[in-house]
Amino acid sequence: SGFERSVELDSLATLACASDYFLEKHRFIATHCGVALSQRLPADFARMTILRDPVDRVISQYFYLRQGKSDFLPSKFARDLSLADFATCDHPSVSIFVHNPQTYHLHSDKNPTHRSLASSQNDREVLGTARDNLATFRYVGIFDQLGAFYEASLKDIEIETPVCHERGATWESVSSADRDTIEGRV
């Protein structure tokens, strides 16, 4: 049928620069892009997203960034700051990972350019747009049930195995005080 099985696009730039021909020949594309870029996909493409507890998302992002490239500014902050300091840092390159990134991903994207486009909206309007965009996804899963979600949704669209990899860190050792600090910020 002319379709490639699946592909993982590991950066927003890769998806942004991908040709329509490239996108149309894949049945499954895994990426971390916001809804603005995913709207480039063909209309009949089965879009899916995974929702995650915001505190768990910040903790995971912190540990992921700590392992990142040395010249990537958010990774430098994650390595230099405690989890609580990272969660309360107001530097723009950190706050995009802490202050409602999931909501902004569903609104348009979490990056500063897209957030500035939403700056004329109050929090309720941003959340309303995110909720409206969420309704356009054929499949919405919860991170805590990731395996079952992938199995059911991919079976439904006749894809056997996604090209995804585990990224999550464990954070059982995160103190309740740090979790409370994060909860106060997200």
Side-chain angles (χ1 to χ4, degrees), residues 1-68 74 96-111 114-115 118 126-172 174 179 182-183 186:
S1 71
F3 280 110
E4 297 290 328
R5 237 172 99 70
S6 55
V7 65
E8 181 172 0
L9 302 177
D10 62 358
S11 75
L12 297 177
T14 304
L15 179 58
C17 296
S19 70
D20 290 341
Y21 173 77
F22 174 83
L23 295 176
E24 290 170 2
K25 70 182 225 180
H26 289 89
R27 300 262 302 134
F28 182 83
I29 299 173
T31 185
H32 288 272
C33 74
V35 71
L37 282 175
S38 72
Q39 290 172 339
R40 282 202 54 220
L41 300 174
D44 63 343
F45 213 79
R47 293 188 316 147
M48 61 181 67
T49 193
I50 307 294
L51 301 178
R52 188 172 193 179
D53 176 279
V55 173
D56 290 344
R57 185 189 255 310
V58 170
I59 293 168
S60 178
Q61 188 70 61
Y62 171 78
F63 285 113
Y64 177 74
L65 287 169
R66 287 177 64 91
Q67 300 167 12
I96 64 169
F97 294 104
V98 176
H99 181 22
N100 295 321
Q102 192 164 238
T103 300
Y104 281 96
H105 254 71
L106 290 168
H107 177 277
S108 55
D109 200 280
K110 73 176 182 191
N111 72 44
H114 285 277
R115 284 188 182 212
V126 169
L127 187 57
T129 300
R131 186 182 51 242
D132 292 347
N133 287 338
L134 183 62
T136 68
F137 284 78
R138 187 182 305 176
Y139 304 98
V140 178
I142 297 175
F143 184 81
D144 294 342
Q145 301 165 357
L146 188 61
F149 169 74
Y150 271 138
E151 185 178 324
S153 57
L154 294 176
K155 181 179 179 182
D156 189 51
I157 59 173
E158 300 174 351
I159 300 288
E160 291 177 21
T161 308
V163 180
C164 294
H165 55 278
E166 290 292 322
R167 291 188 184 208
T170 59
W171 47 83
E172 288 82 17
V174 173
R179 289 187 69 82
I182 297 166
E183 208 166 279
V186 294

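All figures in this text were calculated on a predicted structure; none of them were measured in a lab.
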Exercise. Taking C-beta and beyond as the side chain, do Ile50 and Phe149 meet within less than 4.5 Å on heavy atoms?
Worked result: yes
Problem set entry | Exam field: side chain Arg115 to backbone Lys110, donor-acceptor pair closer than 3.5 Å | yes
Exercise. If you measure from CG on Asp156 to CD on Glu151, what distance do you get to the nearest 0.5 Å?
Worked result: 12.5 Å
Problem set entry | From CG (Asp56) to CG (Asp144), nearest 0.5 Å | 7.0 Å
Exercise. For Ile142, does the CD1 atom sit with more than 12 other heavy atoms under 6.0 Å from it, leaving out its own atoms?
Worked result: no
For this session: Indicate whether any N or O donor in one side chain lies under 3.5 Å from an N or O acceptor in the other, for Gln102 and Arg57.
Result: yes
For this session: Hey, could you give me the NE2/CG distance between His107 and Asn133, rounded to the nearest 0.5 Å?
Result: 7.5 Å
For this session: Carefully, step by step, assess Arg138 and Ser153 under the rule side-chain contact (heavy atoms from CB on, under 4.5 Å).
Result: CA-CA 9 Å; Arg138 187 182 305 176; Ser153 57; over 6 Å; no
For this session: Would you indicate whether the side-chain heavy atoms of Leu65 and Phe97 approach each other to under 4.5 Å?
Result: yes
Problem set entry | Those residues that, when tested against Thr103, pass side-chain contact (heavy atoms from CB on, under 4.5 Å) (two or more places apart) | Asn100, Val126, Leu127, Ala130
Exercise. Any side-chain heavy atom of Asp109 sitting closer than 4.5 Å to one from Val35?
Worked result: no
Exercise. Hey, what do you get for CZ (Phe143) to CZ (Arg52), rounding to the nearest 0.5 Å?
Worked result: 3.5 Å
Exercise. Taking the side chain as C-beta and beyond, is there a heavy-atom pair between Leu106 and Phe137 under 4.5 Å?
Worked result: yes
